[in-house]
Structure formats: structure tokens, C-alpha cells
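Data first, discussion second: the structure below is written as C-alpha cells.
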Amino acid sequence: MSPSPLLELENLRVSFPTPKGRIEVVKGLSFTLGRERLGIVGESGSGKSMTGRALLRLVRTPGAQVADRMVFDGIDLQRLSERKMRELRGARISMIMQDPKFSLNPVMTIGAQIAEALKTHEKLARRDIRARVLEMLEAVRINDPERVMELYPHEVSGGMGQRVMIAMMLIPRPDLLIADEPTSALDVSVQAQVLDLIDELVRDKGMGLILISHDLNLVARYCDRILVMHAGEVVESCAAADLQNATHPYTRGLLAAVPRMEETRAELPTLDRSAWSGT
Amino acid sequence: MSAISLKNLDISYGTTKVVEGANIEVAAGESFALVGESGSGKSTILKAIAGLAPDWTGEITVLGEKRGHRVDHAFATRCQMVFQDPYGSLHPRKTVDAVLSEPLRIHGLPNRDARVLEMLAAVGLDQRFRFRYPHQLSGGQRQRVAIARALMLEPKVMLLDEPTSALDVSVQAEILNLLKKLRREQGLTYLMVTHNLPVVSFMCDRMAVMNKGRIVEIAPASALHDGSFTDPYTQSLYAASGGNPDRKDQ
């Protein structure tokens with residue numbers, strides 16, 4: 001592991017205005033990330049996706065984000081100009097979104113979209129671009145990439161669309177990949193393939209990965225370290241292998257609420273939401 | 001007598017055949033799962049039973065009565081469906097009260113007021129939600145309303161199309177518990193579509209595995225404990241779901 005971490009985040013706060021004043025959806029989040037795989041888990045509204053967006057400075061107004069420190073590979077992200085930030089997005093840090101149906105451009109061929117991601121960040125001859133796109137499509141295990149390049153997003157399946165998106169995000173060779181629910185729109189069988197693929201690419205290229213998901217078991221399977229978020233705060237931070245021994249009542253409640261393959265309980269335990277929130 | 005009986009059921013959308021030769025017998029009081037990937041035809045079977053996919057051939061029998069191809073009022077009182085997305089399946093401009101009273105009004109049933117209150121209590125919703133609109137409710141609360149709506153006519157057979165896949169795990173646990181409780185209390189029969197195998201293990205007695213419009217295997221839910229499936233497709237689906245981690249440790 002390199003001496004300086006890939007990403008340092010201290011006291012990140014994201015807030016939105018409401019008629020009753022500003023509401024913080026992320027309340028003082030801190031972590032450091034090396035070239036490792038970090039999982040962020042939480043339920044809807046826990047602030048996990050907002051954390052991912054804030055790292056790319058993509059929280060839209062009227063939302064606002066502040067942090068005491070947000071340093072990526074020695075670059076202070078908060079002091080970058082919007083132009084510099086745009087150069088960094090995609091090239092150094094990129095993000096895989098949830099649903100390929102809404103995140104791919106419906107009127108551009110797959111080949112053109114992936115090429116665009118590359119052209120934005122690197123100057124290459126047309127032949128080289130084509131070669132890189134083909135190579136990338138092969139890397140995400142698309143058979144017959146020559147044919148797929150000419151297709152439009154509606155002509156491919158969900159799993160294939162998600163692989164196209166992964167190809168698009170990885171082609172500029174970023175150092176950090178943020179995957180926000182990358183497989184929740186996919187079937188179980190395809191889910192495993194896509195995650196194995198992300199996992200393999202992240203390991204091969206020595207990237208950092210932040211996997212954001214609501215699925216505890218999935219995150220435990222694919223990450224080294226896990227942060228559990230609830231109502232904008234980290235309630236538990238542990239190694240993925242130790243998740244089953246989690247101590248916080250919220251984490252324990254979440255774990256218990258998941259049905260098992262060999263289910264013997266007559267009733268699933270549900271969360272008593274008053275137990276830890278203190279409100 | 002079986003609650004749901006499908007014989008040689010073929011279902012088409014236009015010229016495409018999406019389900020071919022489905023044969024299922026679900027006993028009264030049983031909870032039966034249909035599992036498979038998207039596009040395998042599992043939801044289509046539910047739709048055909050409910051009358052939403054009218055282009056079918058074969059035989060559909062529910063509680064001993066054959067289903068025709070037309071809208072069937074009496075059928076609605078025996079069999080109802082709950083849909084996947086509680087955000088999409090409730091009318092945005094109707095209050096909970098209007099949604100729940102509508103089936104009673106259509107069928108000309110009395111005591112609407114009392115029945116609505118009774119049903120709200122049965123699905124664990126407070127009385128204060130009665131005059132709210134769907135956008136004022138959370139996902140879990142909406143799914144409770146959708147279940148209440150389906151139960152208003154006191155059907156004996158419920159068709160459940162991925163009732164919890166749009167919900168958080170903790171809310172999923174609440175809804176699954178509710179469905180289990182209702183089945184026990186009212187002696188319901190469930191035919192449930194899902195792609196989540198652990199949910200099958202919790203909720204169901206038996207399951208049919210579908211692939212590309214065909215049923216490839218019918219197995220007891222206990223097969224999920226050790227993965228004792230005979231069909232290679234089922235085995236791969238089981239492996240993709242992570243198998244049974246509780247057994248691997250031992």
C-alpha cells in the first residue's frame with residue numbers, strides 16, 4: 001500500500017434547504033481510502049448515494065456540501081475550479097450509476113458513447129480509439145464487440161447495458177471507481193457476473209473502489225471494509241469479514257431482517273427504529 | 001381440490017410466445033413461488049390468471065372454476081393481485097380510503113366504512129392514514145395499502161408479483177411478516193413471483209423454476225437448504241444467488 005492514501009475525507013456534510021431550515025443528509029462523514037474496496041451500506045435516505053455524489057462534487061444546488069478535508073491523491077478537491085474538476089471526473093474518479101436504461105444516451109451507438117468518454121480525456125488517433133474501445137468491450141466480456149459497437153442502448157439487455165457502462169467508466173483508466181448500486185436493476189444471475197467483473201478489473205488495475213449498496217451480504221462479499229450508514233451518520237465501520245459480529249443495534253437489526261437460504265424463523269425480526277436514534 | 005391449476009398454458013404477446021406448456025397445481029392454503037430471471041415469463045403467468053394477458057390457450061382453473069378470456073366479476077372476488085411497485089400501482093389522486101372502498105362499490109357490498117377500518121387495522125396501518133394520498137406515504141406503507149386493496153373482496157387466492165423487491169430490507173421483513181400473518185389468519189393461497197431465493201425459503205412451500213418461458217423444475221422450498229436441484233439451470237441460478245453460506249461454513 002502506498003504511504004499516502006488515495007482519498008482522505010474529513011467531516012463531510014451535505015445539506016438541503018427545507019421550509020424548516022437546512023436539513024443535513026450527510027452529517028460529518030470521515031474516512032480514508034487506499035487502493036482497496038470500501039463498501040457503504042444503508043437504507044433509502046441514509047445518505048449513502050449523496051456521499052458518492054459529493055466525492056465528485058455533483059451535489060446539485062440548492063444542496064450544499066462542505067468538508068474539513070477532501071483530498072484525492074494529493075489534490076484538494078474543494079479548491080479545484082469547475083473546469084479542473086471536470087477534467088478529473090471520469091479520468092481519475094468515475095462513477096457507475098444504478099440503471100443503464102437511464103444513464104446511457106439513447107440516440108448514440110454504444111461504440112460512439114464509449115469513444116466519447118475516451119476522447120474527452122485523451123487525444124488519440126481515430127484508429128487507436130477504436131482499438132481501445134474494442135479492447136475495453138472485450139475486457140467486460142462482451143462477445144462480438146465489433147457488432148455491439150454499432151448497436152444502440154435499447155438493443156442490448158440490462159446486464160449488457162451495465163457492462164457497457166462499466167466499459168465507459170473504466171476506459172479512461174481512473175484510479176477510483178464509485179459504483180452506486182451497480183447491480184440493483186439486474187437479475188441475480190447477471191448481478192454476480194457484473195460484480196465479479198468489477199472486482200476483477202479493480203484488482204488487476206489496482207484501483208480503489210467504493211461500492212454503495214443497500215445489500216449487506218453483497219457488500220460483504222465484494223469489499224474489504226464496510227461503513228454502515230444510518231440517517232447521514234456512520235453507525236458502524238468494520239472489516240467485511242467481521243460483519244456478522246457487528247455490534248451496533250442498527251447493523252444487527254439489518255442483518256437479522258434479511259431472509260436466509262435455509263430459513264427456519266417463523267417471523268423475521270424487524271427494526272425497532274426508536275432503539276438507537278434517540279429521537 | 002387445488003386452488004390454482006394450470007394445464008398446458010401457452011401465453012403470447014402478439015406473435016411472440018412468452019410462456020409455453022406451463023403445468024402447475026397449487027393446493028389450497030399452499031404458498032407457491034415462481035422464480036426465474038427477467039423475461040422468463042413468470043409475471044406473465046400471474047397476469048394471465050388475473051386476466052391482464054388475455055392471449056392464452058390451455059386451461060386456467062381457480063378454486064375449481066375455469067377462467068374464461070373475458071372480464072369476470074365473480075373471479076375478482078376469489079383471486080386478487082398485488083403488484084411489484086407500490087409507487088406505480090396506486091392511483092396518485094385517490095386517497096387510501098377511495099382506493100380501498102372502490103372494489104366494494106363496484107361489487108355493491110355494504111358496510112364500506114367499517115370494512116375499510118377493519119382492513120387498515122389488519123395490514124397494520126393506523127387510522128390516520130385513511131384519508132392520505134399515496135405521495136404522503138412511505139414505500140412500505142404504500143405496499144400495505146396495495147395488499148389491503150387486494151384483500152378488500154376477501155379473496156382466497158392472492159397473486160403476488162415481487163411484492164417486496166422495491167423495498168429496503170428492513171421494510172421487506174415487515175411486509176413479508178405481514179403476508180405470512182394474513183395467510184395464516186385468513187387461510188389464503190399464495191402464488192408469488194420473485195427472483196430472491198431466500199424470500200422463497202421464508203415464505204413458500206414449493207417453487208417452480210422458469211427459464212425462457214418454460215418451467216424447468218418444480219421443487220420443495222427445502223431444496224434451497226442444500227441446493228438439491230436436478231436441473232442444471234436451477235443449479236446455476238442457485239449458485240449465482242450465493243448458495244447457502246450457512247452451510248459452507250460448516
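Chain identifiers are assigned alphabetically (A, B, ...) following the order of the sequence lines, protein sequences preceding nucleic acid strands; residue numbering begins at 1 within each chain.
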Exam field: side chain B:K180 to backbone A:A266, donor-acceptor pair closer than 3.5 Å |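 Checked: pair present.
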At a heavy-atom separation under 4.5 Å, does A:R221 approach chain B through its side chain, its backbone, both, or neither?
->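 Answer is side chain: those atoms of A:R221 sit under 4.5 Å from chain B.
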Flag yes if more than 12 heavy atoms outside B:K181 fall under 6.0 Å of its NZ atom; otherwise flag no.
->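 Yes - once you tally the heavy atoms of other residues, nucleotides and ligands closer than 6.0 Å, there are more than 12.
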Residue A:N143 excluded, over 12 heavy atoms near CG under 6.0 Å |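 Incorrect, the count does not exceed 12.
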Sub-4.5 Å side-chain heavy-atom contact between A:M261 and B:S241 = yes
Heavy-atom side-chain contact between B:P198 and A:E263 under 4.5 Å |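 Answer no - side chains too far apart.
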Give, for atom [atom1] of [X] and atom [atom2] of [Y], the distance between the pair rounded to the nearest 0.5 Å.
{"X": "A:T270", "Y": "B:I175", "atom1": "OG1", "atom2": "CD1", "value": "11.0 Å"}
{"X": "A:L268", "Y": "B:L178", "atom1": "CG", "atom2": "CG", "value": "12.0 Å"}
{"X": "A:R265", "Y": "B:F202", "atom1": "CZ", "atom2": "CZ", "value": "7.5 Å"}
{"X": "A:R260", "Y": "B:H225", "atom1": "CZ", "atom2": "NE2", "value": "11.5 Å"}

Contacting moiety of B:E37, where chain A heavy atoms sit under 4.5 Å |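 Backbone plus side chain of B:E37, per the 4.5 Å heavy-atom cut-off to chain A.
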Side chain from CB out, backbone as N, CA, C, O: work out which of these in B:L224 comes under 4.5 Å of a heavy atom of chain A, or both, or neither.
-> both
Between the side chains of A:E262 and B:S201, does any donor sit under 3.5 Å from an acceptor?
-> no
In terms of heavy-atom pairs under 4.5 Å with chain A, which of B:L167, B:N177, B:V169 leads?
->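 Top option by heavy-atom pairs under 4.5 Å: B:N177.
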Name the member of A:A192, A:S44, A:S157 that forms the most heavy-atom pairs with chain B at distances under 4.5 Å.
->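 Between A:A192, A:S44, A:S157, the count favours A:S44.
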